[in-house]
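Positions are given from 1, in the same order as the sequence printed here. As a basis for the values below, the full set of heavy atoms in this structure was taken, side chains included, without hydrogen atoms, waters or symmetry mates. Quantities reported herein were computed from a predicted structural model and do not represent experimental measurements.
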Amino acid sequence: VEAIRAALAPLDLRPVLLKGAAYLVSGAAAASGRTFDDVDLLVPKDRIAEGEAHLMMAGWVSTHLTPYDQRYYRE
């Protein structure tokens with residue numbers, strides 16, 4: 001999570017964490033025993049491309065590569 005924040009910091013963009021990462025960072029009881037291998041986050045729609053570019057430059061990769069998945073996650 002800190003690496004994501006660092007990658008997006010030059011944009012003054014603070015993502016909203018979703019699902020497993022959000023549970024873990026918030027200390028929620030729902031995080032107990034959870035494992036996850038991705039981080040879902042929400043950014044303003046008009047800043048998706050900009051955020052993705054900075055994340056990619058920092059070494060992050062999208063795992064949803066089909067056109068359907070790309071459309072789903074952007075809408």
With a cut-off of 3.5 Å and sequence neighbours excluded, list every side-chain donor-acceptor pair involving residues 4-26.
from, atom 1, to, atom 2, distance (Å)
Arg5, NH1, Glu2, OE2, 2.9
Lys19, NZ, Asp40, OD2, 3.1
Ser26, OG, Ala22, O, 3.0
Ser26, OG, Tyr23, O, 3.1
Ser26, OG, Ala28, N, 3.3

Intermediate values then yes/no, side chain to side chain contact (heavy atoms under 4.5 Å, CB included), Met56 and Ser62: CA-CA 8 Å; Met56 289 170 74; Ser62 174; over 6 Å; no

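Sequence neighbours left out, the pairs with a member in residues 44-61 that pass salt bridge (charged side-chain N to carboxylate O under 4.0 Å, His left out) are Arg47-Glu50, Glu52-Arg74.
In this structure, CG in Leu41 is found 11.5 Å from OH in Tyr73, a value given to the nearest 0.5 Å.
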